[in-house]
Amino acid sequence: MARFNAVDVVLWALRIGVVSVVVGGTIGTLIKDRYNAAQWFDFVMFGLTIGSIYAQIALGYTMVYGVLRLINFAHGDIVMTGAFAGYFIANPLARSGFLENHPVLAMAAILAVAVTTSVSIAVLTERIAYRPFRRVVGLAPLICAIGVSFFLEQTFRGMFGSAVKSYPDPQWQRATFHVMGFNVPRIDVLVIGLALLFMGALYMIVQRTRMGTAMRAVAEDGEAAALMGIDVNKVVVFTFVLGGAMAGIAGVFYAFLYKQVYFFMGFTPGIKAFGAAVLGGIGNIPGAMLGGFFLGMVESVGPTLFLDGIGIRAPYQLRDLIAFTLLIMVLIFRPQGLLGERMAKKRA
Amino acid sequence: MGTIVKQCSRGLLKLCAVGALLTMGHAVMAATVGPVTDDLGVIRIAKGAPIQIGAYWVLSGADTALGLDEKRGVEIAFKDVGGKLLGHPLKLDAEDDNCNAEGGQTAATKLAANPQTVIVLGPACSSAATPGAPILWQAGIVNICTACTAPALTAPDRKPEYAGFARTVFSDSEQGKADAIYVHNVVKAQAVVTVHDGSPYAQQLQQVFADNFKQLGGKVLSQEAIAPTDVDMHPLLTRIASEKPDLIYFPVFTAAAAQILRQAKETPGLEKTALMGGGSLLSADFIEAAGPAVVGFRIGYPDLSPAAMGKNYPKFVADYKKAYGEAPISGYHANAYDGAMLTIKAIEKVAKSDSAGNLYIGKKALRDAVFSIKFDGISGPIACDQYGECSQFKPSVLEFTSADPKTFGIGTNPKKISP
């Protein structure tokens, strides 16, 4: 007969507690019938939109972790640099009318500038700050990453001030599609669609190209990969290029969605995306994508679906609590994340 | 043996006495220095040395304009007295509190650690004042707040550790009431939703508003909350839309308020819902952050029209423009100027010099002076009650008229629409 210890009892209590809140809250909310179908649809769209941003940022965390076993805490600030770079090209384009009249070309230009900037900063960060720590064990690389984060934030604050700057708001972004009786904001479709496209492209690069194969080889065993003739430095730089590119794109999308840029804007989405990467299984590219969408959905739908029904007042102040409680629950019962920490498994 | 017990008892008594004094919110350090004896200690300022006035405001981030505007008000006050007081130069030692509790605690600790800090002005945010004022008073330093308006700070039931706190700005118990009357009687809203960000300012102001609105016969559908760093307000606004309110009242700070304002216009069901914010949003930075959605947006604010202010206010505005090359960038400069003038008058009243030219200021005497001085300030009459409320309040409602931050000007953008 199996024996239960105190830890098992606590874990079972946690399981039952969370499942009770989720199930009880959901049933209560549905019985109340406060929201119509269009509003539920909106909740899901909001979740997918912010989730696609988290997913893109999470890819940067997960790839760097996979290759270097480094948690790049400055990655959220790389997103910020991309958003800032986009701001400086988006505003002149908006003032001249180009952004309104030629949206495809204008967005391509904004994304190109943002990606170039964030890739450059990501590569410089790797070369100057992280490479000297590559063979250092312990907490030093992590502390270095936190230092880089502060450095980037304060540099941008010094250069561009601490006030909030506003992204342009062209008319075409405010339009909506009508699908089966629901209104879908065009900007949401654009952000989700392009995010999926870019993430798909990144996945193909990692899975189907020689450099992607080299990345996976370095992630699995860097020393063996080097012995097989793979230039590890080149692979690491390539990883930062990919992560920086995704960060630049995410920064521009984030800024076009929420219209504000300032030096500290990368911190919160960065932390959440890191959570998403862990949730999906850090080091696992599809896991990071899944984790991002999961976190976005829980943040958006969770407070209403789980808490309204049990009479919690002002549930939206608890959205981070809900999201990270679910994150902790997943990690308690599945420490390797939703899709598993692939490289770690192979190493073991 | 009996002697030891007696000595122990005496020791315990002393410990109890010290403990009791500490729990009263203050470590008593009665002292006689030079010609001054004071229960809370004496600050000695050597001949020619500066009189150090501490300050903490938000001087970085999205709400910088709030703090910078007040700092400028104090600088102009110092300039108006020639930069000197009783033969000593006035020195402003300003710290950045980031408009949050951690920043307020750090700034106050730093200022309290300086034995030469005579008095502290600021902050702009109640979140910073709530932990900051007790730290300062623990060191016997009076804190004259220049923009923090949370009702609890000067409420009759405030804790003893706030005994050294006074403010030359109104209480939100007045602002919330005035906003509720406006929304009920002028906007004719019957059902409202409030949103706060957990800060003492926003939480208390919306609560006062909600209580008064209910008393007037209105219905408060819900009191929602967000985090100050939230950017995606769509789910919250969709939830609010399901309640069909006539008005959403959200006295939060620049970044979050701008997000609510922008996203409310895009939320189905809220297209015609009126929106109203608080005094923390009176700045060009808010116009920049909110973009085109700012046009038509209203905020409750004390009346800053020349007719409502003190007679010297127009001269102050002219001096401000001359000194900084722009009109006031937010709305609390006059309160800060008056806070500085109250400081100057209080020091003049209690400071004593010795024959060598050294200056001595008793801390308790300074506190009593601050609480007893009355004068006509540029924001109106200044006279503190026993709980440190020194300002009067005249309500108004302002409405933004343009999305161009360069057009910011109190009276034009936003312009007064009530009374």
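Please read these numbers as outputs of a predicted model, since none were measured by experiment. Within every chain, numbering begins at 1; the chains are lettered A, B, ... in the order of the sequence lines, protein sequences first and strands thereafter. Just so you know, these numbers use all the heavy atoms, side chains as well, and skip hydrogens, waters and symmetry mates.
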**Request:** Identify which of A:Y316, A:Y262, A:F263 forms the greatest number of heavy-atom pairs closer than 4.5 Å to chain B.
**Result:** A:Y316
**Message:** Report which part of A:T268 has an atom under 4.5 Å of a heavy atom belonging to chain B: side chain, backbone, both, or neither.
**Reply:** side chain
**Prompt:** Between A:Y254, A:F264, A:F46, which has the largest tally of heavy atom pairs under 4.5 Å with chain B?
**Reply:** A:F46
**Item:** A:R313 vs B:E224, salt bridge (charged side-chain N to carboxylate O under 4.0 Å, His left out): CA-CA, chis, key distance, verdict
**Value:** CA-CA 7 Å; A:R313 293 171 64 194; B:E224 301 288 345; over 6 Å; no
**Request:** Tell me yes or no: between the side chains of A:T176 and A:N183, is some donor less than 3.5 Å from an acceptor?
**Result:** no
**Prompt:** Got a donor-acceptor contact below 3.5 angstrom from the A:R174 side chain to the A:D169 backbone?
**Reply:** yes
**Message:** Looking at chain A, which one of B:T238, B:D285, B:T267, B:D63 has the largest number of heavy-atom pairs inside 4.5 Å, strictly under?
**Reply:** B:T238
**Prompt:** Do you know which of B:L236, B:D232, B:T254 has the most heavy-atom pairs with chain A at a distance under 4.5 angstrom?
**Reply:** B:D232
**Request:** For each of B:A227, B:A258, B:A255, tally heavy-atom pairs with chain A at distances under 4.5 Å, and name the one with the top tally.
**Result:** B:A255
**Asked** Is it the backbone or the side chain of B:R262 that comes under 4.5 Å from a heavy atom of chain A, or both, or neither?
**Response** side chain
**Prompt:** With only heavy atoms counted, which part of B:P292 is less than 4.5 Å from chain A, the side chain, the backbone, both or neither?
**Reply:** neither
**Message:** Taking the ring centre of each residue, are A:F274 and A:Y54 less than 6.0 Å apart?
**Reply:** no
**Message:** Can you tell me which portion of B:T64 sits under 4.5 Å from chain A's heavy atoms? Options are side chain, backbone, both or neither.
**Reply:** side chain
**Item:** Heavy-atom donor-acceptor pair, A:K165 side chain to A:F160 backbone, under 3.5 Å
**Value:** yes
**Asked** At a heavy-atom separation under 4.5 Å, does A:P315 approach chain B through its side chain, its backbone, both, or neither?
**Response** both
**SG proximity flag B:C148/B:C125, limit 2.5 angstrom** = no
**Prompt:** Do the side-chain N and O atoms of B:N413 and B:T407 include a donor-acceptor pair separated by under 3.5 angstrom?
**Reply:** yes
**Prompt:** Do we see a donor-acceptor contact under 3.5 Å between the side chains of B:T146 and B:W57?
**Reply:** yes
**Fill in**
Ranking B:H196, B:M233, B:E266, B:E243 by heavy-atom pairs under 4.5 Å to chain A gives rank one to B:E243
